[in-house]
Amino acid sequence: MAKLGAEDEQEENPVSATEMKTIIKSLLKTPPTHDSYHQLSRPEQVVIFRLRTGHNRMQQHLHKKLRAVPSPMCPCGDAEQDAAHILQDCGNLQPLRREIWTRPVPLHEKLHGPVEALHKTTSFITRAGLQV
């Protein structure tokens, strides 16, 4: 097949092989996503990513995975300190939670919702003085 193709009249192509390779790669590349997560600043993305995955500096992760702290308990004493507890239930953060979210908001929306919801979540973490 290659020999037959080589014997045929070749059309003039002003594009070099390197340029053609670049063109083909660009056509195969997936377009960048513009979901709410990717609209955040880099520091906000880090906060949301760490909250979503559980790989953060909260007591539960530091105790169970890294053995860096003696207890997984939240300073409030009600439950283990993880993203769900901090964002939804922690009594110490209830006034700030009510200030930022005027109505009850499910955890999924706080971590996977529209960009406004993600901004509120990162603002909550920052204003609470938490390092994630």
Side-chain angles (χ1 to χ4, degrees):
M1 293 292 274
K3 284 184 182 182
L4 289 174
E7 291 172 359
D8 286 346
E9 180 81 26
Q10 300 294 314
E11 62 183 66
E12 195 62 35
N13 194 349
V15 179
S16 71
T18 307
E19 288 175 307
M20 187 56 73
K21 194 174 184 182
T22 303
I23 292 169
I24 291 170
K25 281 185 179 180
S26 70
L27 291 173
L28 296 176
K29 241 183 219 177
T30 57
T33 56
H34 296 291
D35 61 353
S36 55
Y37 175 79
H38 289 92
Q39 293 175 20
L40 299 174
S41 68
R42 176 72 177 141
E44 289 174 320
Q45 286 180 354
V46 169
V47 169
I48 295 298
F49 180 80
R50 289 180 178 175
L51 291 173
R52 285 177 177 179
T53 62
H55 292 275
N56 50 46
R57 296 181 187 146
M58 293 189 186
Q59 295 291 101
Q60 183 187 49
H61 181 69
L62 292 175
H63 176 74
K64 291 188 175 180
K65 299 294 181 189
L66 305 175
R67 304 281 184 221
V69 296
S71 170
M73 295 303 288
C74 181
C76 74
D78 291 338
E80 292 184 357
Q81 187 186 44
D82 62 358
H85 173 71
I86 291 296
L87 293 173
Q88 298 293 99
D89 303 320
C90 183
N92 293 348
L93 300 172
Q94 189 62 27
L96 178 60
R97 191 178 302 109
R98 284 189 184 138
E99 182 182 329
I100 292 180
W101 294 286
T102 55
R103 62 173 179 77
V105 176
L107 181 63
H108 187 268
E109 183 177 331
K110 289 177 181 178
L111 295 177
H112 300 278
V115 70
E116 296 81 20
L118 299 181
H119 280 303
K120 285 184 178 183
T121 302
T122 58
S123 173
F124 175 79
I125 294 296
T126 303
R127 289 180 58 193
L130 297 170
Q131 293 290 320
V132 295

>> Can you confirm whether the side chains of His34 and Gln39 place a donor and an acceptor under 3.5 Å from each other?
In response: no
> Charged N to carboxylate O below 4.0 Å: is that the case for Arg103 and Glu109?
Replying inline: yes
| task | Evaluate side-chain contact (heavy atoms from CB on, under 4.5 Å) for Asp35 paired with His38, printing each intermediate quantity in order. | result | CA-CA 6 Å; Asp35 61 353; His38 289 92; 2.5 Å; yes
Tell me whether Glu7 contacts the main-chain N or O of Leu4 through its side chain, where contact means a donor paired with an acceptor under 3.5 Å.
no
Heavy-atom donor-acceptor pair, Thr122 side chain to Leu118 backbone, under 3.5 Å:
yes
How are the rings of His55 and His61 set to each other: parallel, tilted or perpendicular (split at 30° and 60°)? perpendicular
Test side-chain contact (heavy atoms from CB on, under 4.5 Å) on Ile24 and Met20; report intermediate values, then the result. CA-CA 6 Å; Ile24 291 170; Met20 187 56 73; 4.0 Å; yes
Query raised in the report: Same cluster for Val132 and Leu96 if Ile/Leu/Val/Met/Phe/Trp/Tyr side chains link at under 4.5 Å?
Result: yes
In residues 83-95, what donor-acceptor pairs under 3.5 Å come from side-chain atoms, sequence neighbours left out?
{"residue": "Gln88", "atom": "OE1", "partner": "Lys110", "partner atom": "NZ", "Å": "2.5"}
{"residue": "Gln88", "atom": "NE2", "partner": "Val105", "partner atom": "O", "Å": "3.4"}
{"residue": "Gln94", "atom": "OE1", "partner": "Arg97", "partner atom": "NH1", "Å": "2.4"}

Q: Report whether Val115 and Phe49 are members of the same hydrophobic cluster (ILVMFWY, side-chain heavy atoms less than 4.5 Å apart, transitive linking).
A: yes
| field | Any donor-acceptor pair under 3.5 Å from Gln81 side chain to Cys74 backbone | value | no
message = More than 12 heavy atoms of other residues, nucleotides or ligands under 6.0 Å from CZ of Arg52: yes or no?
response = yes
Value for CE (Met58) from CG (Leu51), rounded to nearest 0.5 Å, stands at 5.0 Å
dist Glu116:CD -> Lys120:NZ (nearest 0.5 Å) comes out at 8.5 Å
Is the closest side-chain heavy-atom distance between Glu44 and His119 below 4.5 Å?
-> yes
*Check against side-chain contact (heavy atoms from CB on, under 4.5 Å), Trp101 and Thr121*: CA-CA 9 Å; Trp101 294 286; Thr121 302; 3.7 Å; yes
More than 12 non-hydrogen atoms from neighbouring residues, nucleotides or ligands closer than 6.0 Å to OH on Tyr37, yes or no?
yes
Starting from Leu111, can I reach Leu130 by hopping between I/L/V/M/F/W/Y residues whose side chains sit under 4.5 Å apart? yes
The side chain to side chain donor-acceptor pair (under 3.5 Å) partner of Glu80 among His63, Gln59, Lys64 is Lys64
| With distance as the sole test, does Arg57 use its side chain to make a donor-acceptor pair with the main-chain N or O of Leu62 at under 3.5 Å? | no
Exercise. Is there a side-chain contact between Arg127 and Ile100, using heavy atoms and a 4.5 Å cut-off?
Worked result: yes
